[in-house]
Amino acid sequence: MPSHRCRRVLVIAATAALATTVAAGPATAATPTPKSPVAVGFGGAVASIDADATAIGTKVLRDGGNAVDAAVAVAAALGVTDPFSAGVGGGGFLVYYDAKTHRVHTLDGRETAPKSADANLFVENGQPLAFADAVTSGLSVGVPGTPATWSEALRKWGTRSLAKSLKPAEDLARKGFVVDSTFQTQVANNAARFAAFPSTRSLYLPGGAPPSPGTVFRNPDLADTYAQLERNGVDALYKGPIGADIAKTVQQPPKDPASTLNVRPGKLTAADIAAYRAIERTPTHATYEGLDVYGMPAPSSGGLTVGEALNILENFDLKHASKADYLQYFLESTRFAFADRNRWIGDPAVIDVPAKELLSQRFADTRACLISKDKAATSPVAPADPRHPTPCAAGTTGAPTPYEGENTTHLTVADKWGNVVAYTLTIEQEGGSGMVVPGRGFLLNNELTDFSFTPVTPGVPDPNLPGPGKRPRSSMAPTIVLKDGRPFFATGSPGGASIITTVLQVILGRLDRGLSLEDAIAAPRASQRNSAQAQVEQQFLDQPETAVLKARGQGFSTAPAEIGAATGVERLRDGRWLAAAEPVRRGSGAAQVVWPARW
């Protein structure tokens with residue numbers, strides 16, 4: 001899962017003895033970067049899960065770059081310091097508010113399946129592969145979209161070159177950063193499969209063990225990859241040697257012959273990589289309590305599902321509801337919205353997604369009338385047809401939510417001109433496919449496991465089956481909220497399908513429950529995704545209202561870890577920016593402003 005690390009970039013003298021990636025040393029030699037989950041001031045703001053990445057973005061803003069320039073620089077830095085969640089080998093979705101035009105734009109940088117893929121991509125001998133077997137394979141790797149997203153965002157809305165934007169991350173990879181316990185744990189969690197690939201093993205298991213906290217970790221291969229992208233642009237990947245190395249890695253997984261792991265090859269080709277494009281799409285738009293909520297459209301389900309849930313909740317007075325009633329309505333809204341998501345949302349290039357209808361208030365009202373304050377619905381509830389909305393029509397066949405990897409990262413940036421970026425990016429599972437591209441220093445994604453391996457509901461069309469060149473459905477939900485056409489706040493989170501519920505909960509906490517943005521981010525989380533039991537954090541279970549909810553039929557299961565790791569920025573009434581990140585989850589996040597000011 002994404003980690004929050006306190007580090008300071010260290011300059012290490014280069015010697016032949018330091019040719020290995022990890023430069024070990026006593027913990028006392030490495031002074032961590034101070035970080036805070038909240039910052040307030042002028043000149044722009046950055047919030048991410050990593051102190052070094054946030055500091056890089058803040059410096060870009062201080063030096064005159066805009067929010068897009070800073071967002072790309074932060075994302076590239078996260079590829080160094082949080083490589084198990086994001087990087088060159090992954091993809092993501094970017095939402096941008098342009099202060100000059102007062103318009104919101106989005107970029108779809110989602111990975112794509114090879115042209116050879118069909119609906120049976122993950123079916124073997126008539127049966128779907130075990131999820132873990134599909135993850136660590138060439139089959140799971142989609143064409144990376146992250147570098148194209150960086151290039152296209154800078155071309156459209158940035159003020160700096162790609163080279164200038166990537167240089168801080170190159171320096172970070174080359175000079176090194178301080179390992180913390182989260183980084184070590186992430187490697188340990190994946191040690192068995194990392195050890196199967198010499199390229200991954202040599203990078204993350206030097207001497208056969210994960211790097212120790214307090215030592216300095218360097219990735220010169222990744223630094224060289226960034227340098228090549230700086231010199232030659234993203235064509236070095238999509239039409240050049242980096243892409244050729246990716247295709248070779250997928251088709252011939254670089255597995256140690258001594259490993260007993262069955263690593264299936266994929267069919268991703270250099271032609272598949274060359275055909276990739278990051279796509280500008282019209283953002284989703286929902287209104288809630290007079291505010292404009294913009295998000296990411298399909299193939300992400302984030303904007304559509306958050307928007308539908310908000311429209312459902314317009315039917316209830318959450319501001320004046322008791323806490324138990326508020327939580328009941330929140331849980332039920334996502335139960336029904338996820339049923340519709342699972343049935344209707346997929347890649348719009350392949351699937352006729354009823355986006356306008358899913359976001360219509362008329363349709364939401366037909367779902368809201370199925371919600372009872374006093375009794376939970378029984379999951380999986382059935383989807384409804386948004387093109388033919390029928391009041392209180394419950395449907396007959398349930399639509400359960402398949403599993404999605406949770407190891408994503410989110411960053412939020414604002415600049416002194418009022419531009420705002422909310423950007424969620426990922427390589428899917430913690431450690432992606434487990435395969436580091438030899439000589440390139442980055443892990444490849446396993447994003448294609450976000451497809452349904454077989455239809456989720458037998459006999460019902462599934463919009464998210466694999467297909468040639470298709471983009472798998474995502475739950476990433478970078479979100480920007482406007483008030484009177486100007487930024488109010490922006491937010492987003494990692495967490496797989498729980499991203500949607502986390503973002504919705506932050507929005508509702510800020511708008512309806514009287515919470516500050518930082519308190520809305522910190523609040524105990526619950527994630528109801530049309531299942532018999534909502535996934536919740538222990539702090540949620542400890543609330544007295546939980547007993548009331550259980551009496552109403554709500555089921556709960558404790559999440560294996562924290563839910564999400566949100567960040568956000570907010571424009572305060574006096575013109576200052578507030579940057580907020582997690583205060584506790586996953587080690588806490590890092591928020592900075594260019595010119596700090598008193599509260």
Side-chain angles (χ1 to χ4, degrees), residues 110-111 113 117-135 139-140 142 298-306 308-309 332-355 357-358 367 370 377-387 393-406 428-429 446-468 470-477 495-501 527-535 555 557:
R110 186 62 159 162
E111 299 88 339
D118 60 21
N120 294 314
L121 178 64
F122 294 113
V123 175
E124 194 172 275
N125 300 320
Q127 297 295 320
L129 287 175
F131 189 81
D133 292 342
V135 167
L139 295 172
S140 69
S300 179
S301 62
L304 291 170
T305 311
V306 168
E308 181 184 344
E332 294 299 287
S333 73
T334 58
R335 188 192 304 273
F336 283 93
F338 262 90
D340 300 325
R341 163 207 188 259
N342 299 342
R343 173 64 184 86
W344 300 108
I345 301 175
D347 184 347
V350 181
I351 303 299
D352 183 12
V353 179
E357 294 85 353
L358 283 167
R367 305 301 268 158
L370 295 169
T378 300
S379 282
V381 300
D385 186 347
R387 295 187 176 93
T396 56
T397 305
T401 301
Y403 173 77
E404 286 182 28
E406 300 177 354
E428 186 62 6
Q429 296 294 111
N446 66 289
E447 214 65 58
L448 300 189
T449 58
D450 267 355
F451 284 123
S452 303
F453 288 14
T454 55
V456 170
T457 305
V460 177
D462 189 324
N464 193 41
L465 292 172
K470 193 175 179 182
R471 299 179 185 223
R473 182 174 60 207
S474 170
S475 294
M476 287 182 269
S498 72
I499 291 172
I500 290 168
T501 54
S527 184
Q528 171 51 260
R529 307 191 296 270
N530 198 20
S531 59
Q533 295 184 319
Q535 196 177 56
S557 64

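In what follows, every heavy atom counts, from backbone to side chain, and hydrogens, waters and symmetry copies are set aside.
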Just how far is it from atom CG of Leu465 to atom CG of Asp347, taken to the nearest 0.5 Å?
12.5 Å
Ser527 to Thr501 - nearest heavy-atom pair and separation
OG-OG1, 2.8 Å
Are Ile351 and Lys470 close enough that some pair of their side-chain heavy atoms sits under 4.5 Å apart?
yes
Nearest 0.5 angstrom please: Ile345 CD1 to Arg343 CZ, how far?
11.5 Å
Correct closest heavy-atom pair for Thr397 and Pro383 would be O-CD, 3.2 Å
Kindly say whether Pro472 contributes a backbone atom to a donor-acceptor pair with the side chain of Arg110 at under 3.5 angstrom?
yes
Compare every heavy atom of Phe451 with every heavy atom of Ala113, then report the nearest pair and how far apart it is.
CB-CE1, 4.1 Å
What's the separation between atom CD1 in Ile500 and atom CG in Leu304, rounded to the nearest 0.5 Å?
9.0 Å
Between Arg341 and Glu308 (salt bridge meaning N to carboxylate O under 4.0 Å), is one present in this structure?
no
Keeping Glu428 on the side-chain end and Asp450 on the backbone end, is there a donor-acceptor pair under 3.5 Å?
no
Give a yes or no answer on whether the side chain of Ser475 reaches the backbone of Gly302 with a donor-acceptor pair at less than 3.5 Å.
no
Gap between atom OG of Ser140 and atom CG of Asp133 - 0.5 Å precision:
11.0 Å
Looking at Asp340 and Arg367, is there a salt bridge between them, counting it only when a charged N and a carboxylate O are closer than 4.0 Å?
yes
When every non-hydrogen atom of Asn464 is compared with those of Arg473, the smallest separation belongs to OD1-N, 2.9 Å
Phe453 versus Pro128, closest heavy-atom pair with distance:
CB-CB, 4.0 Å
Give the minimum heavy-atom separation between Phe338 and Ala497, together with the two atoms involved.
CZ-O, 3.4 Å
Main-chain N/O of Asn530 paired to Gln528 side chain as donor or acceptor, under 3.5 Å:
yes
Ignoring hydrogens and angles, tell me if any N or O in the side chain of Trp344 forms a donor-acceptor pair with the backbone of Pro463 under 3.5 Å.
no
Heavy-atom side-chain contact between Leu139 and Leu448 under 4.5 Å:
no
As an exercise, state the distance from CZ of Phe131 to CD of Gln429, rounded to the nearest 0.5 Å.
4.5 Å
Let me confirm one number: the CD1-CE distance from Ile499 to Met476, rounded to the nearest 0.5 Å.
6.5 Å
